[in-house]
**Q** 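Pasting a structure here, questions to come.
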Protein chains: 2
Amino acid sequence: MALNDRKIRILQAIINDYIETAEPVGSRTIAKKYNLGVSSATIRNEMSDLEEMGFILQPHASSGRIPSDLGYRLYVDHLMQKKELSYEEQSMMQAMISRNISQIDYLMEETAKAISMMTNYTTIISEPISRGTRIKQIRLLPLDSGSVLLVIATENNFIKNHVIKMGEAPEDMKVFEMGRCLNNVLQGHSIGEINRDLIARLQSELAEYAPLLPHILAAIESTMRAAEKVQVHMSGTKNILAFPEFSDIEKARALFQALEEKDVLVTLLEEGKDNGLQVLIGSENTVQSMKDCSVITATYKMGDDTRGTIGIVGPTRMDYSQVISVLNGMVQNIEKVLRDLSDGNKGS
Amino acid sequence: MALNDRKIRILQAIINDYIETAEPVGSRTIAKKYNLGVSSATIRNEMSDLEEMGFILQPHASSGRIPSDLGYRLYVDHLMQKKELSYEEQSMMQAMISRNISQIDYLMEETAKAISMMTNYTTIISEPISRGTRIKQIRLLPLDSGSVLLVIATENNFIKNHVIKMGEAPEDMKVFEMGRCLNNVLQGHSIGEINRDLIARLQSELAEYAPLLPHILAAIESTMRAAEKVQVHMSGTKNILAFPEFSDIEKARALFQALEEKDVLVTLLEEGKDNGLQVLIGSENTVQSMKDCSVITATYKMGDDTRGTIGIVGPTRMDYSQVISVLNGMVQNIEKVLRDLSDGNKGS
DNA sequence: GTTAGCACTCGATTCAAGTGAGTGCTAACA
DNA sequence: TGTTAGCACTCACTTGAATCGAGTGCTAAC
């Protein structure tokens, strides 16, 4: 059975209508609303074929049809026309995430909020992380009589600090001196590269403070590890309750349950991390309790190997075209903001 | 009409039963389940009195009674018996929030998660903030050719950094020298105290770098301001959907809407910030869309004037006694962890 | 190949009757 | 005077039958 032009037009009509109304679409509705130049009876015949081919489903014997996951897949891959963002949307986007943002976690919060506001779906976003970033600067500062502060700046301008408690801290000038040593030895290396050779060099250079060295190494390691941990932000969960597909409170609860687990969020975002933009429809995603949801993910970059992912979660009946355009726009936006951020902070 | 002993016992029975079952309580239920030694008819008479006094309500003419806000108030203030935490609960609490926590935002996340897991309500928690903290150490580090890093440690060991972009950064030793100057002048002062005199002193001491001074001052100000901004964490929103009072999806939606606004959360927590432990029942809290909820807040301290607030949100029919004991236990726990954290970090 | 017409299906809505938990009132009782 | 048994009454909720209507599949005619 061939998927001729008319079948495609009918499938498109069904999907468009169902996305809009969330009601199964009947042949008569299509005949009236979409001018295909044929009668409802003809459309019925075509629909029967489309069902046989697996693109649409009948929730029960005498109802209209709804798109199947396969139908949405065809739609997303071939039928859907890309929407352009309106001027209003673009400037709204910029206004929302560019004001006043100097810290990465605020930026994430604001971005997630902006997306869920514009799309009315739920947004999750992971902070940019990079495996194997190199150390740009590593220094020690005197803090008080019993502790010093380790400050590490990586090449993509992530800055982390760690308080090192050390019984009795060396005097200020010595702390600086140690810091300078550390910096000389470790600058330009990633955490994975801290091997015996480097440690031996540190031990000889910092011989005077040998007992402190393990403290310092432990602090470096834990700091770099923390920098590699994925931080996830979410916004717009309330939107879920607005969709008729979740008017059954048990379904809503299951979804909320899933979305409250960080692991689940990370999994969802990970699934999309290779491709630039990925659409997972219904059961295509691996999270069991989200078989009725689609997830659209996009990766944003910050420098060469530092990246994060944005995901939008909604019912399979989601406005793919709009979501994709918002997502594309937002990726560009966030990449720009991140560039500005890592080039040097605002207000200075 | 006097609130005699029997009336109180009946009220208590109604509240206990209603908290447990979420169903209006009838006179016959009370007569059977709670051995008051009188018949249901007598109880009916007493209930009629209690209703007249405003402690209980009848949802409709021929149903049982439910407690009113006033009834809960009496219960919380006078009738409720304090529950002790079981040994299991205590150790569970400690296990959950003590492992692996070296950063304050993780601590907050974990605490909120632990509380909502133990109570099955929704938890919000604000990070500790302090107005007018003093600067303990303030330093500059060279970062790269075009920027330096400002690091500020406050007396309660909050550490913040800020990248200062400055066209062409001075050479390393000069940066250190500037940092030392800054530290000499500003150490021990709070942001509010940075006045003309101090600025003048900085200007004369840093005369050589006068054009950079505004950059530095702006960075200090923005950093200290950020440190004073309230950060709020939330966990367990999904629990809301489990309560029959929110089986009406519109009610749930309204509540979710409210809880997604950071302002609302801050308001809720602020309302409780004076007292150690505060119970706001139903319409006692000022958030319009939360008239059916009770909010229990407790303040935790970290040093003298640094504090944060934990709030638990649930339906007015909440298990006040359990929530209060969990909250008290958790405040002690978190204060201990914070003490350890600010004394010096673990793992070092 | 397309269409009009028709019988049929089946979820959703409506309505009336029935059920039961609970009340208020009254009269009898200790 | 306080307590209780008994009874009529209320009202949300359940149940089941009738009806509605959107939609289908099939057939016969164009």
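Chain identifiers are assigned alphabetically (A, B, ...) following the order of the sequence lines, protein sequences preceding nucleic acid strands; residue numbering begins at 1 within each chain. Note that this is a predicted model, so its numbers are computed, not measured.
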**Q** Want to know the stems of DNA chain D: at least 3 consecutive Watson-Crick or G-U pairs with distances under 3.5 Å, which are they?
**A**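 The stems that DNA chain D takes part in, listed by first number, are C:1-30 with D:1-30.
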**Q** Rounding to an integer number of Å, can you tell me how far A/Ile43 CD1 sits from D/dA22 C1'?
**A** 15 Å
**Q** Just how far, in rounded Å, is P of D/dT10 from NE2 of B/His60?
**A** 14 Å
**Q** Would you say B/Ser235 and B/Ser116 are linked by a side-chain donor-acceptor pair, where the criterion is simply a distance under 3.5 Å?
**A** yes
**Q** Nearest-Å distance, CG (A/Asp49) to C1' (C/dG1)?
**A** 13 Å
**Q** Between B/Gln322 (side chain) and B/Asp319 (backbone), is there a donor-acceptor pair under 3.5 Å?
**A**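 Checking the backbone N and O of B/Asp319 against the side chain of B/Gln322, no donor-acceptor pair under 3.5 Å is found.
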**Q** Would one find more than 12 heavy atoms of other residues, nucleotides or ligands at under 6.0 Å from atom NE2 of B/His78?
**A** no
**Q** Any chance the side chains of A/Thr237 and B/Glu260 put a donor and an acceptor closer than 3.5 Å?
**A**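 Yes, because at least one side-chain N or O of A/Thr237 sits under 3.5 Å from a partner of the opposite role on B/Glu260.
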**Q** Please report, rounded to the nearest Å, how far the C1' atom of D/dG23 is from the CD1 atom of A/Ile56.
**A** 13 Å
**Q** Indicate whether the side chain of B/Asp69 and that of B/Ser283 have a donor and an acceptor atom separated by less than 3.5 Å.
**A**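 Note: B/Asp69 and B/Ser283 side chains meet the donor-acceptor criterion.
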**Q** Going 5' to 3' along nucleotides 18-30 of chain C, which nucleotides have protein heavy atoms under 4.0 Å from the base (write B), which only from the sugar-phosphate (write S), and which from neither (write -)?
**A** ----SBB------
**Q** Atom CD1 of A/Ile30 and atom P of C/dT3: how far apart are they, to the nearest Å?
**A** 14 Å
**Q** Looking at C/dT2, I'd like to know if its phosphate oxygens (OP1 or OP2) sit under 4.0 Å from a side-chain N or O belonging to A/Ser39.
**A** no
**Q** Could you tell me if A/Asp17 and A/Tyr34 have a donor-acceptor pair between their side chains, going purely by distance under 3.5 Å?
**A**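 Short answer, yes.
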**Q** Got a sec: does the CZ of A/Arg73 have more than 12 other heavy atoms crowding it under 6.0 Å?
**A** yes
**Q** For the side chain to side chain donor-acceptor pair (under 3.5 Å) test, which of A/Thr286, A/Thr297, A/Asn285, A/Thr309 pairs with A/Glu271?
**A** A/Thr286
